[in-house]
Colleague: 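My questions will all concern the structure given below.
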Amino acid sequence: MTLRFHNTLTRREEAFEPLRPGEVRLYTCGPTVYDHAHIGNFRTYLWEDLLRRHLKLRGHRVTQVMNLTDVDDKTIANARSAGLTLEDYTRRYIDAFFEDLDALGIERAEHYPRATAFIPEIVRLVQRLLQKGHVYESRGSFYFKISSFPHYGRLSRLDAASGAGQSRIDSDEYDKDNPRDFAVWKAPRDGEPFWQTEIGPGRPGWHMECSAMSMHLLGETFDIHTGGVDNIFPHHENEIAQSEAATGKPFVRYWMHAAHLIVDGEKMSKSKGNYLTLRDLAARGYDMRAIRFMLLSVHYRKPLNFTFEGLSQAQAALTRLDDLAGRIEQAAAGLQGEGGALAATAGERLRGMLADLDSDLNTAGALGHLFELVREIHSALDSGQFGRRDLEAVREVLGAFASVFGIRPGQRVDLDAEIESAIRRRSEARARRDFDEADRIRDDLLGHGIVLEDTPQGVRWKRKSA
RNA sequence: GGCGGCGUAGCCAAGCGGUAAGGCAGAGGUCUGCAAAACCUCCACACAUCGGUUCGAUUCCGAUCGCCGCCUCCA
């Protein structure tokens with residue numbers, strides 16, 4: 001049961017062992033809170049949630065940090081046009097972000113540091129880099145000198161020396177020694193918020209907050225750092241440079257990156273305008289669990305093409321799981337005998353599922369094992385070869401699935417008395433072969449969202465799914 | 001132009017040296033008063049194309065074509 005993860009640093013799958021046995025320190029790049037996150041963003045957050053859950057299932061204690069970047073060009077610009085202070089503006093989207101996390105059933109990380117709450121740590125890091133000669137000052141701003149860091153480009157495999165010619169001119173350009181040097185601290189510009197500090201007034205450059213907060217909360221070397229593939233360059237490359245130049249130690253041991261959500265063959269992104277938020281989908285009546293299922297069912301390193309057809313396929317697959325769970329619980333009451341044949345099979349399926357998850361979080365493979373078991377369970381139930389030990393084993397598998405995927409198959413099992421009595425009246429009508437009356441009641445219940453199924457084992461009911 | 005990734009049935013998607021998991025949709029059957037669900041059967045003889053390595057390749061190597069991403073803010 002060794003965990004294996006694809007490490008972007010080496011571009012290969014490696015056995016994973018945390019630096020401190022039993023304890024995984026995980027930094028997951030979070031949102032810049034200038035707007036609602038879209039479902040492409042949530043693909044990554046959902047995958048990180050799965051990673052966290054699987055590490056826990058495998059017995060590790062997890063300390064996860066997710067940053068909230070609440071100061072950058074966009075938050076400043078949007079706050080200004082909304083006529084709000086930066087803090088009031090970003091708080092809105094921080095609140096919205098947590099609502100969305102809850103809606104999707106994403107577990108809370110241990111820490112959600114905000115960049116603006118870590119200005120002193122960021123300043124200290126700049127000072128440290130200054131002392132070591134990795135940073136220079138120019139007109140009140142501070143820049144990281146990439147030529148001072150020999151490993152620059154190792155993560156992204158970009159050659160630091162080349163590409164300078166194509167880089168776009170921005171307003172800071174002539175202040176830098178080399179166009180690829182990047183700002184670690186930005187001098188205040190007309191009316192922008194700034195902090196008064198020992199290195200002068202200003203605000204952190206992008207990248208800095210992640211270095212400062214991750215090292216402060218997780219230590220100078222920690223286990224896993226994740227994000228979307230678009231973060232590899234420049235964000236993560238720059239984080240490595242800043243952090244390692246300051247400490248002289250390896251910053252992160254395993255880098256993991258999620259592929260993008262694609263829409264009509266293109267990356268979903270704010271700038272392209274081809275994005276959907278969770279709120280958009282909720283407004284259209286889509287089930288959050290189905291969204292979660294869909295986004296997790298494709299391996300995280302493969303692009304996932306979002307379509308509404310894909311979403312309804314996910315919904316259908318999920319309904320199959322819910323139906324199964326409902327059937328199991330309704331059957332649980334009347335079990336006779338110990339059984340055990342299916343329990344053995346269930347154990348095999350569970351091992352297969354976990355082995356796939358251990359192998360770089362192969363969710364699609366894991367689901368394959370699960371659905372094979374689904375068929376085997378129905379089959380056993382149909383033939384009455386299902387005893388108490390089988391029930392126990394099956395519940396264990398479903399429980400493992402629920403804890404890693406964050407989706408608990410099943411349905412509400414409560415019924416109000418009125419509906420219960422309607423079901424009873426229909427059974428009586430059927431018994432006297434009054435099928436018109438029986439069908440009338442069935443249609444009526446369907447209108448109330450209750451689906452009835454007559455099986456050899458008796459009447460079964462379930463709630464209609466979307 | 002540089003770097004990286006992808007191309008498996010109608011759709012989604014695992015596998016990655018020994019002859020193709022799973023889901024959705026579809027067809028036939030069993031069960032059923034009907035319906036639904038479930039179960040059974042069927043649904044890819046070359047897994048983009050062309051070469052090469054090998055006893056043997058979807059799986060390794062090379063080339064070609066197509067698509068995507070990064071190189072600029074971005075999960």
Side-chain angles (χ1 to χ4, degrees), chain A residues 8 11 28-32 34-35 37-48 69 72-74 153 156-159 162-163 165-170 180 206 226-235 237 257-262 265-272 275 293-294 297-305 307 309-321 323-324 326-327 352 356 359 362-383 430 433-436 438-439 442-443 446 451-457 460-462:
Chain A
T8 309
R11 309 283 158 121
T28 49
C29 261
T32 301
Y34 67 101
D35 197 357
H38 59 65
I39 58 171
N41 301 322
F42 283 114
R43 181 199 189 180
T44 299
Y45 302 140
L46 236 17
W47 156 66
E48 289 160 348
T69 297
D72 80 319
D73 291 348
K74 277 179 294 201
S156 56
R157 312 220 163 164
L158 291 175
D159 181 356
S162 73
Q166 292 98 287
S167 75
R168 285 227 317 261
I169 311 287
D170 69 25
R180 301 283 280 244
W206 185 38
T226 65
V229 286
D230 50 359
N231 279 151
I232 294 173
F233 190 89
H235 187 50
E237 191 69 59
H257 293 94
H260 286 134
L261 188 70
I262 302 297
E266 279 196 320
K267 168 184 166 183
M268 178 177 283
S269 74
K270 291 280 171 61
S271 51
K272 289 181 177 164
Y275 64 95
F293 186 93
M294 175 187 67
S297 61
V298 176
H299 185 83
Y300 75 93
R301 283 193 292 108
K302 286 192 94 175
L304 193 170
N305 194 27
T307 61
E309 193 197 343
L311 189 50
S312 48
Q313 288 183 2
Q315 179 68 262
L318 190 52
T319 299
R320 184 160 156 82
L321 290 179
D323 285 357
L324 174 84
R327 183 176 184 194
D356 274 340
S359 171
N362 182 355
T363 50
L367 290 174
H369 293 285
L370 180 67
F371 278 100
E372 284 191 66
L373 181 62
V374 169
R375 178 175 36 79
E376 289 155 351
I377 293 169
H378 277 303
S379 189
L381 246 12
D382 283 350
S383 63
R430 288 186 72 221
R433 302 190 69 78
D434 182 355
F435 296 121
D436 289 342
D439 291 350
R442 183 169 64 191
D443 288 347
L446 188 60
V451 180
L452 293 189
E453 296 171 356
D454 301 315
T455 73
Q457 292 82 27
R460 210 153 60 209
W461 63 270
K462 65 176 189 178

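Reminder, nothing fancy here: chain letters follow the sequence lines and each chain counts from 1.
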Colleague: I'd like the C1' distance from B/rA35 over to B/rC11, given in whole Å.
Modeller: 27 Å
Colleague: Considering every strand and a 4.0 Å limit on heavy-atom distances, what is the contact class for A/M294: base, sugar-phosphate, or nothing?
Modeller: nothing
Colleague: Mind checking A/G227 for me? I need base, sugar-phosphate or nothing, with any heavy atom below 4.0 Å counting as a touch.
Modeller: sugar-phosphate
Colleague: Measure the CZ-CD1 distance between A/R327 and A/I377 for me, rounded to the nearest 0.5 Å.
Modeller: 10.0 Å
Colleague: What's the gap between B/rA25 and B/rC50 when it is taken at their C1' atoms, as a whole Å value?
Modeller: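 Approximately 34 Å lies between the C1' atom of B/rA25 and that of B/rC50.
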Colleague: At under 4.0 Å between heavy atoms, what does A/H299 touch on the DNA or RNA strands: base, sugar-phosphate, or nothing?
Modeller: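 The answer is sugar-phosphate, as A/H299 gets under 4.0 Å only of primed atoms, P, OP1 or OP2.
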Colleague: Sort out the partner of B/rU32 for me: Watson-Crick or G-U wobble, both distances under 3.5 Å, none otherwise.
Modeller: none
Colleague: Does a salt bridge link A/R460 with A/D454, judged by any charged N lying under 4.0 Å from a carboxylate O?
Modeller: no
Colleague: Provide the distance between the two C1' atoms, one in B/rA57 and one in B/rG15, to the nearest whole Å.
Modeller: 13 Å
Colleague: Assign A/L381 to base, sugar-phosphate, or nothing according to its heavy-atom contacts below 4.0 angstrom with the strands shown.
Modeller: nothing
Colleague: Kindly say if A/R375 contacts the phosphate of B/rA37, meaning a side-chain N or O under 4.0 Å from OP1 or OP2.
Modeller: no
Colleague: Does B/rA37 have a Watson-Crick or wobble mate here (both distances under 3.5 Å), and if so which one?
Modeller: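 Check on B/rA37: unpaired, no WC or wobble geometry under 3.5 Å.
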Colleague: If you measure from the P atom in B/rG2 to the same atom in B/rC45, how many Å do you get, rounded?
Modeller: 39 Å
Colleague: Categorize A/H260 for me: base, sugar-phosphate, or nothing, with a 4.0 angstrom heavy-atom threshold over every strand shown.
Modeller: base
Colleague: Taking the side chain as every heavy atom from C-beta outward, state whether A/T307 and A/N305 have any atom pair closer than 4.5 Å.
Modeller: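 Counting from C-beta outward, A/T307 and A/N305 do come under 4.5 Å.
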Colleague: Applying side-chain contact (heavy atoms from CB on, under 4.5 Å), run through A/I232 and A/E237 and close with a yes or a no.
Modeller: CA-CA 6 Å; A/I232 294 173; A/E237 191 69 59; 5.5 Å; no
Colleague: Among B/rA14, B/rC34, B/rC68, which is the nearest nucleotide to the side chain of A/R442?
Modeller: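 Closest nucleotide among those given: B/rC34.
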Colleague: Indicate yes or no for a side-chain donor-acceptor contact from A/E48 to the backbone of A/T28 under 3.5 Å, with no hydrogens or angles considered.
Modeller: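 Looks like no, no N/O pair under 3.5 Å.
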Colleague: Looking at B/rG10, which nucleotide sits across from it as a Watson-Crick or G-U wobble partner, both distances under 3.5 angstrom, or is there none?
Modeller: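 By the stated definition (distances under 3.5 Å), B/rC24 pairs with B/rG10.
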Colleague: So what does A/A258 hit on the nucleic acid, given a heavy-atom distance under 4.0 Å: a base, only sugar-phosphate, or nothing?
Modeller: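 The answer is nothing, as A/A258 stays clear of every strand by at least 4.0 Å.
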Colleague: So what does A/F42 hit on the nucleic acid, given a heavy-atom distance under 4.0 Å: a base, only sugar-phosphate, or nothing?
Modeller: nothing
Colleague: So what's B/rU19 paired with, Watson-Crick or G-U wobble, going by both distances under 3.5 Å?
Modeller: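 Check on B/rU19: unpaired, no WC or wobble geometry under 3.5 Å.
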Colleague: Which nucleotide sits closest to the side chain of A/V229: B/rC39, B/rG69, B/rA35?
Modeller: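 Within the option list, the nearest is B/rG69.
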Colleague: Considering only atom P, compute the distance from B/rG51 to B/rA13 and round it to an integer number of Å.
Modeller: 29 Å
Colleague: Between B/rG5 and B/rC60, how far is it from one P atom to the other, in whole Å?
Modeller: 12 Å
Colleague: Please determine if a side-chain N or O atom of A/R301 lies less than 4.0 Å away from the OP1 or OP2 oxygen of B/rG4.
Modeller: no
Colleague: NA contact type, A/K267, heavy-atom cut-off 4.0 Å: base, sugar-phosphate, or nothing?
Modeller: base
Colleague: Any idea which of B/rA14, B/rC11, B/rG33 is nearest the A/Q313 side chain?
Modeller: B/rC11
Colleague: How is A/S383 classified with respect to the nucleic acid when contacts are heavy atoms under 4.0 Å: base, sugar-phosphate, or nothing?
Modeller: nothing
Colleague: What does B/rA48 pair with, Watson-Crick or G-U, if both distances are under 3.5 Å?
Modeller: B/rU64
Colleague: Compare side-chain N and O positions of A/K462 against OP1 and OP2 of B/rA36 and report whether any pair is under 4.0 Å apart.
Modeller: no
Colleague: Look at the side chain of A/N362 and decide which nucleotide, out of B/rC11, B/rA14, B/rA38, has an atom nearest to it.
Modeller: B/rA14
Colleague: A/D382 has a side chain; which of B/rG23, B/rC39, B/rC34 sits nearest to it?
Modeller: B/rC39
Colleague: Of all the nucleotides listed (B/rC73, B/rG23, B/rG33), which has the minimum atom distance to the side chain of A/S271?
Modeller: B/rC73
Colleague: Please report the distance separating the C1' of B/rA37 from the corresponding atom of B/rU32, rounded so that it comes out in whole Å.
Modeller: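 Pairwise C1' distance, B/rA37 against B/rU32, rounds to 11 Å.
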Colleague: Looking only at side-chain atoms of A/D439, point me to the closest of B/rA38, B/rG33, B/rC73.
Modeller: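 My answer, after comparing the listed nucleotides, is B/rG33.
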Colleague: Any N or O donor-acceptor pair linking the side chain of A/R430 to the base of B/rG33 at under 3.5 Å?
Modeller: yes
Colleague: Which nucleotide in the set B/rG23, B/rG33, B/rG69 lies at the smallest distance from any side-chain heavy atom of A/E266?
Modeller: B/rG69
Colleague: Using the aromatic ring of A/F371 (for Trp, its six-membered ring), decide whether it stacks on the base of B/rG22 within the limits of 5.5 Å and 30°.
Modeller: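 No.
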Colleague: Roughly how far apart are A/L373 CG and A/H378 NE2, rounded to 0.5 Å?
Modeller: 10.0 Å
Colleague: Quick one: label A/L304 by what it contacts on the DNA or RNA (base, sugar-phosphate, nothing), any heavy atom closer than 4.0 Å.
Modeller: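 Contact class for A/L304: none.
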Colleague: If pairing requires Watson-Crick or G-U wobble contacts with both distances under 3.5 Å, which nucleotide is the partner of B/rU58?
Modeller: none
Colleague: Just verifying a value: how many Å separate A/L311 CG and A/F293 CZ, rounded to the nearest 0.5 Å?
Modeller: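 These two atoms lie 11.5 Å from each other.
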Colleague: Give one of base, sugar-phosphate or nothing for A/E372, where a contact means two heavy atoms less than 4.0 Å apart.
Modeller: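 Since only primed, P, OP1 and OP2 atoms lie under 4.0 Å of A/E372, the category is sugar-phosphate.
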Colleague: Can you check the distance between B/rC47 and B/rG7, where both ends of the measurement are the C1' atom (answer in whole Å)?
Modeller: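 Per the computed distance, 10 Å lies between those C1' atoms.
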Colleague: Let's see if you can work this out: which of B/rC73, B/rG4, B/rA14 has an atom nearest to the side-chain heavy atoms of A/K74?
Modeller: B/rC73
Colleague: So does A/R430 pair up with A/D439, basic N to acidic O under 4.0 Å?
Modeller: no
Colleague: Where the side chain of A/V298 is concerned, which of B/rC24, B/rA14, B/rC39 is the nearest nucleotide?
Modeller: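 Output: B/rA14.
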Colleague: Assign A/F233 to base, sugar-phosphate, or nothing according to its heavy-atom contacts below 4.0 angstrom with the strands shown.
Modeller: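 Counting heavy atoms under 4.0 Å across all strands, the contact made by A/F233 is with sugar-phosphate only.
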Colleague: Rounded to the Å, how far apart are A/H369 NE2 and B/rA14 P?
Modeller: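 Going from A/H369 (NE2) to B/rA14 (P), I get 13 Å.
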Colleague: Within the distance-only criterion (no hydrogens, no angle test), does the side chain of A/S312 pair as donor or acceptor with the backbone N or O of A/Q315 below 3.5 angstrom?
Modeller: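 Here the side-chain-to-backbone pair does not exist.
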Colleague: With a 4.0 Å limit, can you tell me whether A/K302 has a side-chain N or O closer than that to the phosphate oxygens OP1/OP2 of B/rC12?
Modeller: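 The answer is no; no side-chain N or O of A/K302 sits under 4.0 Å from OP1 or OP2.
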